[in-house]
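See structure below.
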Amino acid sequence: MQNSLRPLCLSLETLHRVKSRMLEAMERGLSRRTHSQATVRMLPAFIRSTPDGTERGEFLVLELGDTHLRVLLMELSGDTDQRVTMKERCFPVPDAIAQGPGEKLFAFLATCLWEFLDGLHMPQTDFELGFSFPFTCRQTRLDQSYLISWSKRFQCAGVEGRDVVVLLQDAINKQDRYHIKVIAVVNDTTGTMMSCDASAGPCEVGLVVDAGTNSCFMAEARHVEVVEESEGRMGVVTEWGSFGDDGALNDMLSPYDLQLDQASLNPGRQRFEKMISGLYLGEIVWHILTELFSGRMTPVLLTKGSVQTQDILEITDEQVGLATARRVLRALGLEASDQDCFNMQQVCKAVCIRAAGLCAAGLAAIVSHMCRNRELSRLKTSVAVDGAVFRAHAKFSQTLQQLVKQLAPECDVTLVQAEGSSKGIGMVTAVASRLAAQRLQVNQTLALLQLSPAALGTVQALLRREMELGLKKETNAMSSVRMLPTYICATPDGSERGDFLALDLGGTNFRVLLVKVGSREQGGVQIISEVYSIPPHVAQGPGSQLFDHIVECIADFQTKQGMMGQTLPLGFTFSFPCQQTSLDQGILLSWTKGFNASGCVGQDVVKLLREAVKRKNHFALDVVAIVNDTVGTMMSCGYHDPNCEVGLIVGTGTNACYMEQLRNVGTLAGEEGRMCINMEWGAFGDNGCLDAFFTPFDRQVDEASLNPGRQRFEKLISGMYLGEIVRRILLELTDKGCLFRGRLSPKLQTPDIFQTKFLSSIESDGLALRQVCAILEELGLHVSCEDSVLVREVCQVVARRAAQLCGAAVAAVVEKIRENRSLEQLAVTVGVDGTLYKLHPHFAQQVQETVRQLAPRCSVTFLQSEDGSGKGAALIAAVACRVARHQRA
Ligand code: ADP
Ligand code: MG
């Protein structure tokens, strides 16, 4: 007895080995390279989501079985406690249909549908339908599946190699009373997974142990290499019955398995299935019995098929098992002693425990795979189980559950009895319908933000026109871009030397810097700086208070650096539109970004600073230049690259400057030479010329801003606004039911909660969805996998639009420089600064790509400035000092 059963006992260690081999086999099935030869096929099922409880409407199901066709209408309430009502009818499938021409079969299916629907007397005539077609198919989409071969009793001519959805749809379309669209072909294993109630948490694994065995689960789409998709999840049917067909199970096969396999219709194949599923458990026991009772052989015992799996499972029961054993042994013609019954029970237990153990090893492989590929430390999921082996007796489930816990301790797995595959097929259909409707909504919403190359060309041309208008004295007032002279007439030549102070005001932080400009041997440019915050109440309070604060920060810096009493030349980077009349004078035209201090607009900013120094009256400042940050950036890059003639900022705000021919600057006297023009392109469109490009989201962001109607271009592009545009879109998509199951959280309704830096992290390459979820969780948003896919898509669309618009504007500028010089081809460098440009994972590349497309005759190099505002201001101060010395001499 002991000897007979020993080959069936698999230690926990052996099961661990089975698990890791299953994992390897799964990997081979998922990889594009090895998919076609894999024993575990890992077939994509094109199911992208499990039910989330919001599915609603009426769905039809056609479930073709071996002897019957089941037609079902499922109605989903879609409200908080998803109510499901089903009406169904079965039609026998006659032999003439099952083995006739294909046309007849599909006509039969369609006819059964009408009969069923006619009988319901429903007013509705439009339906979506899910089709369960249980034969080997090559599925290429949810609604496309090519029959490979018939099996069981079916053999209809002219169907193999064809798409069964097309055949069914054509048959349905032959009448016009009902409009039925076939939207899903469903495998019964996925039907099992999808039939489970969503309210108990996600059920992302399906497991069937019936006559055969199979399993499915929701994989990360990017790991399913045979499908194009890389976002979100994808249902995969493992087809694990054939695990071991390459010999992976050979070292644990018992002599009974070998006998059974030899005598089977498909020797050498479906090795895993033959150790687990209902078709075989009885037969394994039978092989053991023939050995155990070899001395007492009876005619019944000699017949294969005399032991039923059903009975085997019952015999394992502690209470009724022995009685059943006696009954079964008697039926086999054996006079059963107590010992015989006990032995019989031991045999059945051994066979069932082994089956449950192997099944557990396979399931453990699946959940471990999911846990690892989702980069989770713990996975929690329900597993929908179905099939005769589970239904026959609870013992199998119990053993399975215990062993999975030991084999995959990092996973919390709850087995749930599935509610029949028809419901699951209906759910697949309902989920597909929900996803399609949501996709339509999402596409409509996001289409507003997608710019064609032609549209970008228009933006480029519009900016070019605005630039021309802005440069001419007569039309300057009509232009939305101010094209302000900066009194910078040359880029640095590298001979600049000395120590300078610099201030950087104009965005997130205020900084004071000490810049030492030396020769290369002296270490080039060295910077010591201190960051000071400007609280909103100061940025938006009285101007005198703002400038007093600035002076206090300077004093603090000088004290810290031990340079109180020293008066160094100072360059003041002030990144707001200023009308300059000289290098050291700038009249503030308007505040932008987060600033709105009173009493400053229309005033000379240098004067306001000097007055504040006087009020404090404990030190002197020698302000020699007021510098826009774009200009500082261009200058600091120009120090390294003489081709640098454009400065670009994409940070809190956005703006650019470039070197223009003086003869083109109608607002200034002089024809010879060049001058840097601060474009103030953030205001591009403030005269209405971009109105066609604004979406409702842009208008909302503008209206809620400190400066409605102004800086309209900036509000499409820069760091202060992108996150807020994303948030507005997310609100809209939630309202349309495409996100967060249609539920608006107070968190998402909080302005500015979604910062632009989140766009960067969410779009980081190779970021797992779980990390996207984690970012959103940090914001207090509870998201599903699909939610995070959609949020990422929204971020991508918003950032791409920003980068492309920025690129179109740069293209307008470099093209103008090229034309100014009548060059066929221009090589030019753009100095760039700004955290959005520098830290967003795709922004810079998308700007450059757009420039390449829109300005093909310019070869544009983008050079990131290091501390453009500080270093640039110092370089400008240095040039100013040199010029002043020349003038004095
Ligand atoms: P400023 O333009 O104020 O001188 P920055 O160039 O540092 O300063 O830009 C600050 C802006 O950059 C902020 O408005 C913020 O939205 C954005 N930002 C900060 N971190 C990131 C990031 N990781 N990715 C993209 N944008 C960011
Ligand atoms: Mg800056």
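Whatever order the structure lists them in is the order used to number ligands and atoms, beginning at 1. Source: prediction; values computed, not measured. Counting from 1, the numbers follow the sequence of the chain as shown.
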Tightest non-hydrogen contact, residues T695 and L448, listed as CG2-O, 3.5 Å
inquiry  = S575 vs F595, test: side chain to side chain contact (heavy atoms under 4.5 Å, CB included). Steps then yes/no.
reply    = CA-CA 11 Å; S575 312; F595 282 74; over 6 Å; no
Considering non-hydrogen atoms of the protein only, which is the closest contact for [atom], and what is the distance?
atom                    : result
atom 5 (P) of ligand 1  : T835 OG1, 3.0 Å
atom 16 (O) of ligand 1 : G719 O, 3.0 Å
atom 4 (O) of ligand 1  : G507 CA, 4.4 Å
atom 8 (O) of ligand 1  : T508 OG1, 3.4 Å

Sidechain N-carboxylate O distance under 4.0 Å for [X], [Y]:
X    : Y    : answer
R464 : E815 : no
K871 : D833 : no
D499 : K516 : yes
R728 : E724 : yes
E660 : K816 : yes

Could you list the atoms of ligand 1 found under 4.0 angstrom from a heavy atom of [X]?
X    : answer
G834 : 6 (O)
G651 : 2 (O), 6 (O), 9 (O), 11 (C)
L839 : 22 (C), 23 (N), 24 (N)

Is there at least one pair of N or O atoms, one from [X] and one from ligand 1, spaced under 3.5 Å apart?
X    : value
S760 : yes
H840 : no
G653 : no

- Task: In sequence, state the C-alpha distance, the side-chain angles, and the governing distance for N687 and E466, and then conclude on side chain to side chain donor-acceptor pair (under 3.5 Å).
- Result: CA-CA 10 Å; N687 58 1; E466 294 285 295; 2.8 Å; yes
Note: heavy atom closest to atom 3 (O) of ligand 1, options T654, T652, L836, belongs to T652
